[in-house]
Amino acid sequence: MIDATGMPQTAVVVGGSSEIALEIVRALASRRLDRVVLAGRDPARLEAAAATLRERGVAEVSVEMFDAATPEAADGLAARASAALGQVDLCLIALGDLGTAELDALDSSRVAAMMAANVTAPAAAATAFARVMVEAGSGRIVGLSSVAGLRVRRSNFAYGAGKAGFDGFLSGLGEAVRGTGVKVTIVRPGFVRTKMTKGLPDAPFTIDPLEVATAVVTGLETDADIVYVPSVLEYVFALLRLLPAAVWRRLPG
Amino acid sequence: VPSFLGVLKRFGAGDDGHLSFPEQGWTLALDIPVGTSPALAGLLDDFDRRIAECGGRVYFAKDGRLGPGLVGQMYPRLGEWAAVKRRLDPDGILVSDLSDRLRLEPSGGIGQA
């Protein structure tokens, strides 16, 4: 169960080999988390992630298959994870595909795959787990959105548009579960140094996965609806969203 | 950490209950609002460790965040309680948020019902 300070004992990670998600799980494991299900599409990477969590003292870690290409599998995943954990305290959704924003490479199947990874599958997973949690009367959904979705820009527009969709979906889902004992938290990081962003130059306010993890734990403790990492991005983007397009277009990065 | 209610009591000798809280000595209860400080959980975990180290215990009925790790040390007769529980409730049907949080059931506190 989730204790009085907001700390979960059981968690499902959708996108189970995400570096940011694993850092969050490690931080929670140093508190109360002792049973975890990692769901994703690459068994070898999931098993490797599971092994590192077991080394960290997480008593029970299991692996489930979930591919963003088949979002409708989310209902089955939620049922299996819920059976394995008894009660799902936390569902952490960490799917994403930075993909490309180059028109040459962005054919319709690539657009569809990026939308599946960034919005369709994450939204399906959030909904499937929300339904299980509403039934149980408690639970917390934490979705990794991105500031890239707050104002979509040229350099990563397919990714940003997907994140914008997921972000909006989560805020509506949060309203839909109000009063049921279930809560939704949206995490909006800036540029995080991970394998997804490897090779890209650092953007302003670049952070490491550990900083996201620390902010998410604090968000759970203080019952936050939205977590910006770093927190200053809330104010930076409040301004950036107001910039005229002609200025926005000229900003570097 | 703000605390608007504090109760300090002196107890006499404890009794025979397996999970009875009182024993010879002092008890301090503090009402502490959660969700205000990110440092609170760590501070209270540290209190738990210190209390357990000096042979004290946390009162289940007043607490909402103790983890499973120190329960056996705080309540040395936990094993006897668990044996009675197993005998009277072999299928582990009687569970609660508390037994779940403290992992009091050998299966991990998840009900079969």
Side-chain angles (χ1 to χ4, degrees), chain A residues 1-11 24 27-37 56-62 80-90 132-133 135-140 181 183 185 211-225 227 229 231, chain B residues 1-5 29-49 51-52 57-74 89 91-113:
Chain A
M1 73 166 292
I2 299 172
D3 77 6
T5 62
M7 291 296 106
Q9 288 182 295
T10 66
I24 294 169
L28 292 173
S30 72
R31 306 292 280 277
R32 295 291 187 265
L33 190 66
D34 61 4
R35 290 184 198 159
V36 176
V37 171
R56 281 291 188 109
V58 181
E60 293 176 27
V61 188
S62 60
R80 291 195 304 282
S82 163
L85 296 173
Q87 185 172 334
V88 184
D89 292 339
L90 170 71
V132 165
M133 288 172 177
E135 180 80 12
S138 86
R140 169 79 73 157
K183 273 212 66 166
T185 298
E211 290 166 86
V212 183
T214 306
V216 168
V217 172
T218 303
L220 291 176
E221 284 175 336
T222 55
D223 214 22
D225 295 319
V227 175
V229 208
S231 56
Chain B
V1 176
S3 177
F4 300 107
L5 179 66
L30 295 171
D31 270 18
I32 300 171
V34 294
T36 50
S37 163
L40 177 64
L43 176 75
L44 295 178
D45 282 353
D46 190 40
F47 284 176
D48 293 343
R49 276 189 293 273
I51 292 287
R57 56 180 63 134
V58 168
Y59 187 19
F60 293 155
K62 285 193 193 280
D63 168 76
R65 28 68 48 206
L66 180 67
L70 295 167
V71 177
Q73 192 180 339
M74 291 179 171
D89 178 27
D91 296 328
I93 288 167
L94 297 175
V95 294
S96 65
D97 281 354
L98 178 71
S99 70
D100 196 10
R101 172 160 54 82
L102 300 178
R103 302 283 192 226
L104 294 185
E105 293 291 309
S107 63
I110 288 163
Q112 317 291 310

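Heavy-atom basis, side chains included; hydrogens, waters and symmetry copies ignored. Throughout, a chain's letter reflects where its sequence line sits, starting with A, and its residues are numbered from 1. Computed from a predicted model, the values in this text were never measured in an experiment.
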Check your understanding: Which atoms of A:D89 come close to chain B, meaning under 4.5 Å heavy atom to heavy atom: side chain ones, backbone ones, both, or neither?
Key -> neither
Check your understanding: Measuring from B:L102:CG to A:M1:CE, what's the distance to the nearest 0.5 Å?
Key -> 9.5 Å
Study note, to complete from the structure: With sequence neighbours left out, the residues meeting side chain to side chain donor-acceptor pair (under 3.5 Å) with A:D225 are A:K183
**Study point:** Nearest-0.5 Å distance that lies between atom CD1 in A:I2 and atom CG in B:D97
**Key:** 10.0 Å
Review point. Does anything in residues 57-65 of chain B get under 4.5 Å of chain A by heavy atoms, and if so which residues?
Key: B:G64, B:R65
Practice item. For A:A27, check side chain to side chain contact (heavy atoms under 4.5 Å, CB included) against everything at least two apart and list the hits. Key: A:A213, A:V217
Study note, to complete from the structure: d(B:D100 CG, A:T10 OG1) to nearest 0.5 Å is 8.0 Å
**Study point:** Smallest separation among heavy atoms of A:R31 and B:G42, with atom names
**Key:** NH2-N, 4.1 Å
Review point. Residues two or more places apart in sequence or in another chain: which of them pass side chain to side chain contact (heavy atoms under 4.5 Å, CB included) with B:R49?
Key: B:D45, B:D46, B:L70
**Study point:** Between A:D3, A:L220, A:T218, the one whose heavy-atom pairs under 4.5 Å with chain B are most numerous
**Key:** A:D3
